[in-house]
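One structure is given here, and the rest of the page talks about it.
Just so it is clear, the model here is predicted, and its values are computed rather than measured. Atom set for the values below is all heavy atoms of this structure, side chains included, hydrogens, waters and symmetry mates excluded. Residue numbering restarts at 1 for every chain, and letters A, B, ... go by the order of the sequence lines.
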There are 2 protein chains.
Amino acid sequence: MNNMSLREKKKIETKNRIFEVSGKLFKEKGFESTTIDEITKEAGIAKGTFFNYFPTKESLVFYFAEQKAELIYDLTEKEAVKHLHTKERMKKFLVALAESYEKDKDLTKLLFFEYRRYIENSRNAPDKERNPHYRLINVLLGLLQEGIEKREVKESIDTRMAAETLNAVYFHTLMMWLKSENELSFSRNISAKIDLLFEGIGD
Amino acid sequence: MNNMSLREKKKIETKNRIFEVSGKLFKEKGFESTTIDEITKEAGIAKGTFFNYFPTKESLVFYFAEQKAELIYDLTEKEAVKHLHTKERMKKFLVALAESYEKDKDLTKLLFFEYRRYIENSRNAPDKERNPHYRLINVLLGLLQEGIEKREVKESIDTRMAAETLNAVYFHTLMMWLKSENELSFSRNISAKIDLLFEGIGD
DNA sequence: GGTCATTAATGACCATGGTCATATTTAAAT
DNA sequence: ATTTAAATATGACCATGGTCATTAATGACC
């Protein structure tokens, strides 16, 4: 950090300024309503400079999302309470994740919807390592496999499919929460749904 | 249809022409890559005229989706095989729906992603009557409630939550299928997942 | 058949995301 | 200190979605 050339320092500084100004403006006026012109003006750079750092306006959101992605792995480490029942571990993990989202609904909304659009539109195969989505599935998969060993999860199930299902429910619940006006609790909702998934619907 | 003024006839004709040309071009080159200029040129109208019929480019997709929405209700009528087990009825219904999508993956892809974007961006409360999403949830809800009466579904469950969960899994599976390159079968996949949801994950 | 208010069609115009050839700044080599 | 090549910044420019004042077509009424 100190043996950097002036060039490198300025570069980092500029990227950070773009990032911070963008975040501020997005929160203030939303993603769509914030123009590149505003961002560059506020950041004190020319329009073209923006595109030297971020290939598109949307890629900014991708960058935002990446920062937050680390969270998922951190959480798995923290929630290494191996003695708990698989269902409870899963709950603890997903609820903790949910609570971290609940801290800033507006930012989460922005990240979720724009990030998903970005992923969907990108033609290249999604980078499975960096994509938070795949990370989550892998964590769930791990928990399920351990659960089978501990005889807390049906041996007969297809763990991949079960992980996908849990993931689907998680994201759907997140989406519903983001779209809801009322103060529906995301973490409580996801907790109840995990119960449902473990017990099953059938009588 | 015959006692229409020339005006009305021409209006309908123009709207249909826009609709057909759009559909053709979207299939050929995708939604994003098709420009309004191309559509209007191919339809033999001026650019402004397009916006007399559809407020935005995206609203075209909404119009497409509406046409297809009727399907869901039609299917519930057809699948009125009341004597089957609730799980089987649900499977039959969702699989039939899935199969109808499988007939034209490209169009489905277009409708699904763009329609969802449209819904997400529209600030006004979504029109719950016309929105296919809500229709599906309501059908599932009905099936679950009947299932409880027949003692084929756990009495203790929150039917609303269960319907949402089924819906979440259905849409997630649809999305995964749309994104998959390989010829993963959507209908078989959804069928397996309904089994999982009915039996539950826990041992 | 002519008049005129209403309705629809038009395309010049605007705003914004994104490109690129050119200009400027930096750091190394001499 | 000067030169030079590479890195970085710049803003005129382009394409496209969408607007709106103006123009043209229509049909009710005479």
Side-chain angles (χ1 to χ4, degrees), chain A residues 2-19 21-22 25-26 28-64 110 113-115 117-118 120-124, chain B residues 1-19 21-22 25-26 28-64 110 113-115 117-118 120-123:
Chain A
N2 21 19
N3 59 354
M4 265 175 165
S5 71
L6 178 56
R7 247 205 170 107
E8 286 171 295
K9 270 192 259 177
K10 276 198 172 176
K11 206 174 167 181
I12 290 175
E13 220 173 81
T14 303
K15 185 160 189 173
N16 283 340
R17 208 160 60 254
I18 293 176
F19 185 61
V21 167
S22 303
L25 290 179
F26 288 164
E28 270 173 35
K29 10 189 324 183
F31 182 74
E32 300 284 352
S33 317
T34 303
T35 66
I36 307 268
D37 278 345
E38 285 174 302
I39 295 171
T40 53
K41 202 179 153 196
E42 180 114 1
I45 54 170
K47 191 174 179 181
T49 304
F50 176 92
F51 292 97
N52 289 341
Y53 289 91
F54 297 95
T56 65
K57 189 184 174 187
E58 281 169 4
S59 70
L60 253 179
V61 174
F62 189 77
Y63 189 71
F64 266 100
L110 172 70
F113 291 116
E114 293 302 328
Y115 180 75
R117 259 187 64 189
Y118 185 83
E120 278 166 8
N121 292 342
S122 67
R123 287 288 159 262
N124 47 350
Chain B
M1 201 63 183
N2 21 21
N3 58 354
M4 265 175 165
S5 69
L6 177 56
R7 250 209 164 103
E8 287 169 280
K9 271 192 258 177
K10 277 199 172 178
K11 211 175 166 181
I12 290 175
E13 219 173 83
T14 303
K15 184 160 189 171
N16 283 341
R17 209 159 60 255
I18 294 175
F19 185 62
V21 167
S22 303
L25 291 179
F26 289 163
E28 270 172 37
K29 12 190 319 181
F31 183 75
E32 301 284 352
S33 318
T34 303
T35 66
I36 306 267
D37 277 344
E38 284 174 302
I39 294 171
T40 53
K41 201 179 153 196
E42 181 113 1
I45 54 169
K47 191 174 178 181
T49 305
F50 176 92
F51 292 97
N52 289 341
Y53 290 90
F54 297 95
T56 64
K57 188 184 173 186
E58 282 170 4
S59 70
L60 254 179
V61 175
F62 189 76
Y63 189 72
F64 266 99
L110 173 70
F113 292 116
E114 292 302 327
Y115 181 75
R117 260 186 64 189
Y118 184 84
E120 277 165 10
N121 292 340
S122 67
R123 288 287 158 263

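Taking atom NZ on B/K57 and atom C1' on D/dA15, their separation rounds to 12 Å, with Å as the unit. A straight line from CZ of A/F50 to P of D/dT8 spans 17 Å, rounded to a whole angstrom. In this structure, A/E58 places its CD atom 12 Å from C1' of C/dG18, rounding to the nearest Å. Protein atom CZ of A/F51 is 13 Å distant from nucleotide atom C1' of D/dG11, rounded to whole Å. Rounded to whole angstrom, the span from the CD1 atom of A/I36 across to the P atom of D/dT10 amounts to 15 Å. Counting to the nearest Å, the C1' atom of C/dG18 and the CG atom of A/D37 are 11 Å from each other. In this entry the distance linking CD of A/E32 with P of D/dG18 reads 11 Å, nearest Å. What separates CD of B/E38 from P of D/dA15 is a distance of 13 Å, to the nearest Å.
Sorted by first then second residue, the side-chain hydrogen bond (donor to acceptor under 3.5 Å, both in side chains) pairs that include residues 46-55 of chain B, not counting sequence neighbours, number zero.
Contacts of A/E28 classified as side chain to side chain contact (heavy atoms under 4.5 Å, CB included), with partners at least two apart in sequence or in another chain: A/K24, A/L25. Under the side chain to side chain donor-acceptor pair (under 3.5 Å) criterion, B/K10 pairs with no residue, sequence neighbours left out. Contacts of A/K11 classified as side chain to side chain donor-acceptor pair (under 3.5 Å), with partners at least two apart in sequence or in another chain: none.
Note: A/F19 and A/Y63 have perpendicular aromatic rings, judged against thresholds of 30 and 60 degrees for the angle between ring planes.
Nearer the 5' end of DNA chain D, as judged by each residue's closest nucleotide, is the contact made by A/N52, out of A/N52 and B/F31.
Across all strands, B/S33 comes closer than 4.0 Å to no nucleic acid atom at all (heavy-atom distances). Contacts of B/Y53 with the nucleic acid, taken as non-hydrogen atoms under 4.0 Å apart, involve only primed sugar atoms and P, OP1 or OP2. When heavy atoms are screened at a 4.0 angstrom cut-off, B/T35 is found touching the sugar-phosphate backbone but no base atom.
DNA chain C lies under 4.0 Å from at least one heavy atom of each of the following residues of residues 39-47 of chain B: B/I45, B/A46.
The distance from atom CD1 of B/I18 to atom CD1 of B/I45, rounded to the nearest 0.5 Å, is 4.0 Å. Atom-to-atom distance recorded for B/K57:NZ and B/F50:CZ is 8.5 Å, nearest 0.5 angstrom.
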Study note, to complete from the structure: Per-nt protein contacts along nucleotides 22-28 of chain D (heavy atom under 4.0 Å; B base, S backbone sugar-phosphate only, - none) come out as ---BBS-
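Base pairing of C/dT10 is made with D/dA21, judged by Watson-Crick or G-U wobble geometry with both donor-acceptor distances under 3.5 Å.
Other residues, nucleotides and ligands place no more than 12 heavy atoms under 6.0 Å from the NZ atom of B/K41.
What you find for A/S22 and A/L60 is that their closest heavy atoms are OG-CD1, 3.2 Å.
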